[in-house]
Amino acid sequence: MYNEKIMDHFMHPRNVGEIEDADGVGEVGNPQCGDIMKIYLTIEDDVIVDVKFKTFGCAAAIATSSMATELVKGKTIDEALKITNKAVAEALDGLPPIKMHCSVLAEQAIKAAIEDYRDKRDNKR
Ligand code: FES
């Protein structure tokens, strides 16, 4: 069911963990299955310099979370906001169609974490 790239990111997920004092934290749940992803961002001058995640979910959710963290690292927040679940799935050489909903978690968690960062930053002013 899963290609080699997905299996690699599932078996050896990149950037797993938490960041203490993260600049932005996003947590989202998948309404279709109840799985959860939490993402932590360290942001300097609007550039994502570090990212970690924790996902309680299926293989596709973990693989897409892992790939999404790789895609956003080093990007500006505006660039990261443009990353879609489709782009994450493509970077993994495609997901089985019935697993596409799993990739939505990563996109939404990144967006939520960036929103959290912006809220915190704006409240500091
Ligand atoms: Fe829940 Fe994949 S089945 S995220």
Side-chain angles (χ1 to χ4, degrees):
M1 177 162 171
Y2 293 122
N3 69 39
E4 256 176 49
K5 215 164 180 178
I6 296 172
M7 286 308 292
D8 177 39
H9 276 265
F10 171 57
M11 301 296 280
H12 312 283
R14 326 303 196 252
N15 308 308
V16 172
E18 289 178 33
I19 298 174
E20 257 183 66
D21 303 323
D23 299 306
V25 180
E27 182 171 346
V28 292
N30 192 324
Q32 292 198 43
C33 61
D35 290 346
I36 294 169
M37 175 182 184
K38 195 164 183 181
I39 195 159
Y40 304 80
L41 301 176
T42 302
I43 298 172
E44 280 169 21
D45 296 330
D46 281 355
V47 173
I48 298 170
V49 293
D50 199 12
V51 48
K52 292 265 190 289
F53 81 92
K54 279 184 167 174
T55 293
F56 302 90
C58 69
I62 290 166
T64 49
S65 302
S66 167
M67 179 53 87
T69 59
E70 292 273 274
L71 291 177
V72 299
K73 210 184 242 185
K75 296 255 182 353
T76 65
I77 53 176
D78 285 336
E79 287 166 342
L81 283 170
K82 287 187 199 130
I83 293 173
T84 61
N85 71 309
K86 258 179 111 187
V88 176
E90 271 162 27
L92 285 167
D93 296 338
L95 275 176
I98 59 159
K99 289 301 208 175
M100 273 310 280
H101 74 93
C102 310
S103 62
V104 175
L105 268 185
E107 179 192 321
Q108 290 182 342
I110 288 165
K111 292 198 163 119
I114 291 173
E115 228 170 83
D116 180 51
Y117 160 72
R118 283 182 164 160
D119 282 353
K120 284 181 182 153
R121 185 191 58 184
D122 294 347
N123 287 335
K124 269 187 207 154
R125 277 188 193 144

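Numbers here are sequence positions counted from 1. Start at 1 and go down the list; that is how both ligands and their atoms are numbered.
Residue side and main chain included, C102 places an N/O/S atom under 2.8 Å of atom 2 (Fe) of ligand 1. Put simply, C58 gets within reach of atom 2 (Fe) of ligand 1, with an N, O or S atom under 2.8 Å from it.
Shown in contact with K99 at under 4.0 Å from a heavy atom are these atoms of ligand 1, numbered in order with element: 2 (Fe), 3 (S). Near C33, the atoms of ligand 1 lying under 4.0 angstrom from a non-hydrogen atom of the residue are 1 (Fe), 3 (S), 4 (S). Applying the 4.0 Å criterion to heavy atoms of A61 picks out, from ligand 1, the atoms 4 (S).
E18 pairs in a salt bridge (charged side-chain N to carboxylate O under 4.0 Å, His left out) with only one of the listed residues (K54, K52, K38), which is K54.
In this structure, I48 and I77 have side chains that are in contact, with non-hydrogen atoms separated by less than 4.5 Å.
Within a 6.0 Å sphere centred on NZ of K86, heavy atoms belonging to other residues, nucleotides or ligands number 12 at most.
When hydrogens are left out, the protein atom nearest atom 4 (S) of ligand 1 is D35 OD2, 3.2 Å; that is the closest non-hydrogen contact.
Using a 4.0 Å cut-off between heavy atoms, Q32 makes no contact with ligand 1 at all.
M7 and L92 fall within a single hydrophobic cluster, where Ile, Leu, Val, Met, Phe, Trp and Tyr are joined by side-chain heavy atoms under 4.5 Å apart, directly or via other members. There is a path of hydrophobic side-chain contacts, each under 4.5 Å, that joins Y117 to V51.
One finds a salt bridge joining D116 and K120 here, because a Lys/Arg side-chain nitrogen approaches an Asp/Glu carboxylate oxygen to under 4.0 Å.
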